[in-house]
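Some notes on the structure that comes next.
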Amino acid sequence: MMHDLVITGARVVCPGVVSDCDIGISGGKIVTLGAGLEGAEVIDAAALIAMPGGIDSHVHIAQPSGPGIEMADDFASATRSAACGGNTTVMPFCLPEAGQTLREAVAAYHAKAKGNCLTDVSFHLIVTSTDPVTLGQDLPALIAQGLTSFKVFMTYQGMRLSDAEILQVMDVAREQGALTMVHAENEDAIEFLRDKAERSGDTAPVHHARTRPVPVEREATHRATTLAEVAGVPVMIVHVSNGAALDEIQRAKARGVQVLAETCPQYLTLTADDLDRAGFDGAKWVCSPPPRDTAEQAAIWAGLEQGAFDVFSSDHCPFRFADPAGKDAPGARASFRNIPNGIPGVETRLPILFSEGVRKGRLSLTAFAALTATNHARIYGLKDKGAIAIGKDADIVLWDPEAKRTITQDILHHGADYTPWEGFEVTGWPVRTILRGQTVVQDGAPVDSAPGGHVARGAPDVSR
Ligand code: DUC
Ligand code: ZN
Ligand code: ZN
């Protein structure tokens with residue numbers, strides 16, 4: 001059988017097993033795994049590793065961020081950066097602007113993404129209001145259209161939901177078969193600490209981390225898992241940053257609650273000391289939850305190694321540093337309260353985990369593929385994606401496991417003007433990214449086209 005494309009010579013990371021086989025691709029799908037395959041085009045991938053293309057199920061792109069504030073990435077730059085970092089699908093969040101309904105927000109996101117994407121995209125929703133139109137009409141309609149997951153916030157004035165509201169939203173998730181994702185930090189406790197810090201003159205960026213300590217995340221994680229228990233729904237706790245929050249998740253699981261957990265590179269490799277720099281520089285590392293300390297990094301690593309985490313995402317949320325529409329927002333130098341929250345990371349997520357996890361012997365290749373692609377696809381209902389297996393989309397990334405890179409702003413493709421990992425050395429780099437059989441990045445260079453599109457999803461699968 002003649003294939004459109006054959007990848008030969010690679011070590012191929014299939015679900016649960018690494019195999020030395022050729023990959024036969026036709027019509028954008030993986031159709032054969034075997035030896036001696038024929039193809040109209042053949043990629044010689046000797047000495048490379050073929051992985052499922054990364055799925056980053058937690059990114060923020062062109063998200064409304066308040067008056068005068070702009071995210072550093074649009075869909076073109078975010079997906080270019082994602083593809084150069086070995087990803088073939090990203091999942092951004094649709095946040096309604098003031099006065100916009102959820103359905104209007106989704107329409108606006110489709111318009112922003114259409115024709116501009118180098119990877120596939122699939123939207124989550126953010127629910128900030130529990131009015132009858134949102135809960136009774138928009139959410140059910142959007143879930144039916146394949147937007148089968150949404151995030152709620154326990155923090156941020158104007159975005160946070162009360163416990164009663166979270167239960168209402170979870171009830172819609174239960175009825176409609178969607179997955180609730182929770183940002184778990186206790187806003188009242190943060191505000192208490194933030195107010196005290198400001199009154200004491202502790203207004204520098206590092207106080208962002210000091211006013212969001214571990215207990216505010218631990219308590220909210222306990223509450224979020226308990227609310228899911230009461231509502232009788234599964235819940236995904238996103239961006240878990242520390243061991244105490246992870247313990248709450250494990251305790252809830254032991255009670256029989258279906259809890260899924262996500263962590264991110266910043267909780268493995270950065271600490272609150274990164275925010276503690278002269279002047280305003282620490283603003284580059286302001287994200288929530290904040291990076292912790294080396295003991296918490298070790299707890300998150302242990303969780304990854306022991307299978308306590310389901311997904312590893314970037315929480316890419318980029319703002320330019322030297323920009324009044326970004327980190328240097330009005331009032332940001334006067335108080336950390338006004339610094340936009342979030343860091344860029346969609347391009348560095350996979351190399352950091354490959355280098356620190358696989359190369360340092362903490363994770364197997366198959367665990368890496370599960371944490372960075374396969375589990376995201378299963379959990380969020382991307383049924384054609386996430387694995388090198390017959391019938392799946394030919395979303396494949398070729399890794400050079402020996403390539404050494406020093407991460408610096410000038411090798412990245414995002415719209416931000418800095419990387420929090422400036423100078424971080426990695427071994428292993430994605431050298432070719434293939435989306436549905438089409439090469440979108442080769443040798444670090446993105447192709448000049450936009451073959452990505454929006455993918456509707458099926459029901460979430462939270463079974464292990
Ligand atoms: N939460 C996120 O998930 N991303 C960026 C900012 C935040 O608080
Ligand atoms: Zn969040
Ligand atoms: Zn986020």
Side-chain angles (χ1 to χ4, degrees), residues 55-66 69-73 78 82 87 90-95 109 121-128 149-161 166 169 179-187 189-191 194 205 208-209 211-213 216-218 220-221 223-224 235-242 245 249 260-267 270 275 283-292 309 311-320 326-327 329 332 336-346 348-349 376 380 414-416 420:
I55 299 176
D56 194 337
S57 59
H58 188 152
V59 302
H60 303 265
I61 303 173
Q63 186 174 296
S65 305
I69 306 299
E70 250 184 60
M71 279 202 170
D73 273 319
N87 299 284
V90 296
M91 300 183 67
F93 292 86
C94 283
L95 174 66
Y109 268 72
V121 298
S122 189
F123 301 146
H124 304 287
L125 307 169
I126 296 181
V127 181
T128 56
S149 47
F150 45 78
K151 183 173 175 188
V152 297
F153 286 84
M154 300 173 92
T155 183
Y156 297 133
Q157 284 152 17
M159 298 241 283
R160 71 185 281 203
L161 299 184
I166 292 172
V169 174
L179 181 61
T180 308
M181 308 161 78
V182 179
H183 178 133
E185 288 184 295
N186 181 320
E187 176 66 17
I190 293 166
E191 185 49 35
R194 197 162 40 202
H208 170 82
T211 56
R212 306 179 91 98
V216 309
E217 184 181 344
R218 186 196 64 219
T221 303
R223 194 154 34 98
V235 65
M236 167 72 80
I237 307 296
V238 293
H239 46 50
V240 176
S241 74
N242 67 84
I249 289 168
L260 301 142
E262 174 199 79
T263 194
C264 314
Q266 43 274 37
Y267 307 119
L270 305 177
L275 284 78
K284 290 177 182 170
W285 287 268
V286 165
C287 62
S288 297
R292 307 291 182 185
F309 286 104
V311 288
F312 184 77
S313 308
S314 68
D315 196 3
H316 180 75
C317 186
F319 295 95
R320 289 171 55 80
K327 293 286 186 184
F336 62 89
R337 175 194 291 276
N338 301 313
I339 301 172
N341 278 216
I343 59 175
V346 73
T348 43
R349 170 186 74 126
H376 301 248
Y380 292 112
H414 57 205

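Both ligands and their constituent atoms are indexed starting at 1 by order of listing.
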From the list His183, His239, Arg292, side chain to side chain donor-acceptor pair (under 3.5 Å) partner of Glu217 resolves to Arg292
Under 3.5 Å, is there a donor on one side chain and an acceptor on the other for His58 and Ser313?
no
Within the 4.0 Å heavy-atom sphere of ligand 1, strictly under, residues
His58, His60, Lys151, Tyr156, His183, His239, Ser288, Asp315, Cys317, Asn341
Between CG on residue Asn341 and NZ on residue Lys327, distance to nearest 0.5 Å:
6.5 Å
To the closest 0.5 Å, what do you measure between NE2 (His316) and CD1 (Ile61)?
6.5 Å
With the threshold set at 4.0 Å, does a side-chain nitrogen-carboxylate oxygen contact exist between Arg160 and Glu191?
no
Hey, could you give me the CZ/OG1 distance between Phe312 and Thr263, rounded to the nearest 0.5 Å?
6.5 Å
Can you sort out the partners of Asp73 under salt bridge (charged side-chain N to carboxylate O under 4.0 Å, His left out), two or more places apart, ordered by chain and number?
none
Closer than 2.8 Å to the Zn ion (ligand 3): does that hold for any N, O or S atom in Cys317?
no
With 2.8 Å as the threshold, which protein atoms of type N, O or S lie near the Zn ion (ligand 2)? Leave waters out.
Lys151 NZ, His183 ND1, His239 NE2
Is there a donor-acceptor contact under 3.5 Å linking the side chains of His208 and Ser288?
yes
Looking at residues at least two apart in the chain, or sitting in another chain, which of them share a salt bridge (charged side-chain N to carboxylate O under 4.0 Å, His left out) with Glu187?
Arg194
Would you please say whether a donor-acceptor pair under 3.5 Å links the side chains of Gln266 and Asp315?
no
